[in-house]
Protein chains: 2
Amino acid sequence: MTQQKAVLMNANHELTDANIEVPTPDAKDVLVKIQAVAANPVDVKQLESRDGQSAPKILGYDAVGQVVALGSSATKFQIGDQVFYAGAVNRNGSFQEYQVVNEDLVALKPVEITVEQAAAMPLVSLTAAELLFEKMHVIAEANANSGNLLVINGAGGVASVLIPLAKWAGLTVTATSSPKKFDYLRQLGVAQPIDYHADAEITISDLPDNSFEYVVSLFDITTYWSDVTRLVAPLGHVGTIVEFPNDIAIGKLKNKAASFDWEFMFTKSLFHVDEASQGQILTQIAALIDEHAISAPQITTYTGLNAANITAMLDQLKTGHTTGKLVLTI
Amino acid sequence: MTQQKAVLMNANHELTDANIEVPTPDAKDVLVKIQAVAANPVDVKQLESRDGQSAPKILGYDAVGQVVALGSSATKFQIGDQVFYAGAVNRNGSFQEYQVVNEDLVALKPVEITVEQAAAMPLVSLTAAELLFEKMHVIAEANANSGNLLVINGAGGVASVLIPLAKWAGLTVTATSSPKKFDYLRQLGVAQPIDYHADAEITISDLPDNSFEYVVSLFDITTYWSDVTRLVAPLGHVGTIVEFPNDIAIGKLKNKAASFDWEFMFTKSLFHVDEASQGQILTQIAALIDEHAISAPQITTYTGLNAANITAMLDQLKTGHTTGKLVLTI
């Protein structure tokens with residue numbers, strides 16, 4: 001059996017270097033030789049979770065690589081194709097040299113950006129596109145929409161694709177961050193950057209009632225619930241991806257007949273619902289990148305697949321002050 | 001000035017008979033001579049509310065009548081047109097002989113049903129259509145959808161239109177009620193009636209996980225929250241129209257990436273957003289009635305506009321055990 005390097009999360013939820021077997025593709029899988037991966041909050045969350053996590057397990061939910069083998073009924077790709085994907089949270093991830101992944105979740109890598117840039121894109125692109133286009137029903141066409149989007153926490157990973165996509169679709173974007181990241185936000189396409197510090201001169205509390213058809217919170221929304229429910233427009237959408245422990249006063253959205261939308265990009269693969277849509281979304285994202293309609297996220301690159309590097313990346317993510325995405329080349 | 005009969009909610013929130021002036025249409029209004037009205041929970045709610053309600057006020061949010069005068073810029077209807085509408089909750093309602101209403105909220109009465117049947121339809125039709133087609137994104141075409149809808153409290157007013165509309169659109173409907181109303185539910189189009197009593201042999205707790213793409217609660221949803229979050233399918237919608245005082249664990253919908261949709265048919269007129277869509281929805285409902293694609297709700301009819309009759313209707317609604325709608329001819 002062929003061996004490979006991998007970074008394992010062991011039973012104590014520590015990251016360790018290991019040599020393991022190269023996995024064998026299931027019928028609908030492709031086997032991918034990985035070139036670059038990215039780190040995400042979902043890695044941190046699994047590492048820190050103690051409830052019912054199966055371990056040892058390989059984390060990592062963003063990858064670019066080359067297809068080197070096909071499952072018996074895999075038909076969408078050919079040996080040698082360079083692909084990108086996020087994969088499934090209930091299977092082994094990308095922090096290894098070779099990974100098997102359901103071909104439905106995979107797309108050809110965009111050609112106009114580097115391997116490292118492309119590795120930063122799948123998870124955040126799927127999250128951003130599903131939230132905007134499937135949950136909030138923004139039309140996925142250039143300038144096909146009008147209206148205002150508020151993004152709470154505009155400097156992180158998901159925002160790095162969500163803001164350019166929203167602007168491409170025609171929305172006017174307001175986003176919060178530290179003032180030292182305002183230039184970065186403007187570069188992403190933000191029309192109105194807002195300081196997230198409560199003691200700033202202008203905060204989201206100063207924005208007018210009912211002024212955002214779309215409010216996206218990429219931070220614990222309970223912190224901002226009073227402002228969120230005040231700012232969302234009648235018939236509007238409030239969306240989030242960040243779990244929180246508290247119950248909330250959802251009734252505050254009633255008179256506005258607004259919707260609260262959860263986005264979780266692993267739902268489709270966890271429940272085996274509409275999985276092929278993820279390959280399709282990534283194909284559309286690749287086309288937008290290659291047409292220069294949107295730009296790739298800002299990245300910081302690490303080199304070498306080992307537990308020390310992955311640990312360093314996840315420690316940086318835990319600070320909550322990472323701009324764009326953290327990528328590792330293998 | 002011409003006088004008319006009206007049933008007023010006075011400053012003590014009692015219903016009283018009164019003679020008042022016939023109102024004068026604003027620019028975009030039509031003046032309607034009312035022939036029949038219906039009672040709704042929103043009437044009860046305003047009567048029972050003590051916070052910030054302006055009174056005296058005329059309740060009543062369902063009417064059929066004849067256009068007898070036009071505002072200076074009203075262009076959609078002609079004198080003599082027979083119309084139906086729900087109107088706006090922040091203006092005087094239909095418990096009077098003559099009412100002014102924004103023409104955008106109005107449509108021609110369906111011709112194939114009686115005045116009384118048509119009076120039962122506007123508020124529940126707008127609520128049902130907005131919830132299904134605008135909030136839950138069911139496609140508003142005959143048999144254009146598949147999937148399962150659970151309706152909690154299937155025997156009330158909104159359900160009397162929501163269930164036929166959902167069935168017309170292609171959904172398979174499960175609904176709860178008392179067993180003595182199962183025949184009525186089947187007549188509406190329910191495939192699977194379920195006893196709402198907790199000690200029944202089969203309750204919604206026996207239905208399989210993840211089996212409803214759409215869950216509509218026409219009752220305090222917090223009572224059923226655990227089952228609702230278990231039953232809704234991944235990527236599904238949970239919708240309600242009933243306010244509740246408690247905070248809820250919205251996080252239970254996170255792993256399914258489901259949406260929580262509020263529907264409130266007065267949002268558009270309260271906030272002056274997309275008001276003309278309500279006239280359009282009622283026009284579509286009238287067409288479906290006239291094509292016999294859906295049936296009019298079951299009604300109980302009262303005769304004579306006076307405080308005693310309106311009080312009797314609202315007392316019946318308060319029991320929570322009314323089948324279909326209560327209508328009053330003027």
Side-chain angles (χ1 to χ4, degrees), chain A residues 42 45 89-90 126-127 130-131 133-137 147 209-211 213 217 220-222 225 229 232-275 277-278, chain B residues 42 45 89-90 126-127 130-131 133-137 147 209-211 213 217 220-222 225 229 232-275 277-278:
Chain A
V42 65
K45 206 178 142 194
V89 79
N90 51 340
L126 289 165
T127 303
E130 288 180 353
L131 182 51
F133 305 134
E134 298 182 358
K135 298 294 167 185
M136 296 185 151
H137 293 274
D209 292 357
N210 307 323
S211 52
E213 286 80 2
S217 181
D220 181 344
I221 199 169
T222 56
W225 189 241
T229 56
V232 67
L235 314 179
H237 284 265
V238 172
T240 191
I241 62 170
V242 182
E243 268 184 301
F244 46 84
N246 304 323
D247 294 357
I248 60 169
I250 193 80
K252 287 195 175 186
L253 297 175
K254 191 260 182 179
N255 272 1
K256 294 186 183 178
S259 294
F260 185 104
D261 302 301
W262 279 109
E263 162 56 22
F264 181 48
M265 67 128 284
F266 293 111
T267 298
K268 291 174 182 173
S269 48
L270 266 176
F271 291 94
H272 301 297
V273 176
D274 207 10
E275 288 173 280
S277 69
Q278 295 207 321
Chain B
V42 65
K45 206 179 142 193
V89 79
N90 51 340
L126 289 165
T127 303
E130 289 180 353
L131 182 51
F133 305 134
E134 298 182 357
K135 297 295 167 185
M136 296 185 151
H137 293 275
D209 292 358
N210 307 323
S211 52
E213 286 80 2
S217 182
D220 180 344
I221 200 169
T222 55
W225 189 240
T229 56
V232 67
L235 314 179
H237 284 265
V238 172
T240 192
I241 63 170
V242 182
E243 269 184 301
F244 46 84
N246 305 323
D247 294 357
I248 60 169
I250 193 80
K252 287 196 175 186
L253 297 175
K254 191 260 182 179
N255 272 1
K256 294 186 183 179
S259 293
F260 186 104
D261 302 301
W262 278 109
E263 162 56 23
F264 181 47
M265 67 128 286
F266 293 111
T267 298
K268 291 174 182 172
S269 48
L270 267 176
F271 291 94
H272 301 298
V273 176
D274 207 10
E275 289 173 280
S277 69
Q278 295 207 321

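Only this structure's heavy atoms are used, side chains among them; waters, hydrogens and symmetry mates stay out. Order of the sequence lines fixes the chain letters, A, B, ..., with proteins taken first and strands second; residue numbering starts at 1 for each chain.
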Most chain A-contacting option - heavy-atom pairs closer than 4.5 Å, from [options]:
{"options": "B:Glu263, B:Glu243, B:Glu130, B:Met265", "answer": "B:Glu243"}
{"options": "B:Leu253, B:Thr240, B:Asp247", "answer": "B:Asp247"}
{"options": "B:Asn246, B:Asp261, B:Val238", "answer": "B:Asp261"}
{"options": "B:Asn210, B:Ile248, B:Leu270", "answer": "B:Ile248"}
{"options": "B:Lys135, B:Lys256, B:His137", "answer": "B:His137"}
{"options": "B:Gly239, B:Pro245, B:Pro234, B:Ala233", "answer": "B:Pro234"}

Sort [X] into side chain, backbone, both or neither according to what part of it lies under 4.5 angstrom from a heavy atom of chain B.
{"X": "A:Lys268", "answer": "side chain"}
{"X": "A:Ala258", "answer": "backbone"}
{"X": "A:Ile241", "answer": "backbone"}

For A:Val273 and B:Leu235, which heavy atoms make the closest approach, and how far apart are they?
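Where A:Val273 meets B:Leu235 most closely, the heavy atoms are CG1-CD1, 3.8 Å.
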Looking at every non-hydrogen atom in both residues, tell me the closest pair between B:Phe271 and A:Asn255 and how far apart they are.
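Closest approach of B:Phe271 to A:Asn255, heavy atoms only: CE1-O, 3.5 Å.
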Inter-residue atom distance B:Ser259.OG - A:Trp262.CH2, 0.5 Å rounding:
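Answer for the OG-CH2 pair, B:Ser259 versus A:Trp262, is 11.0 Å.
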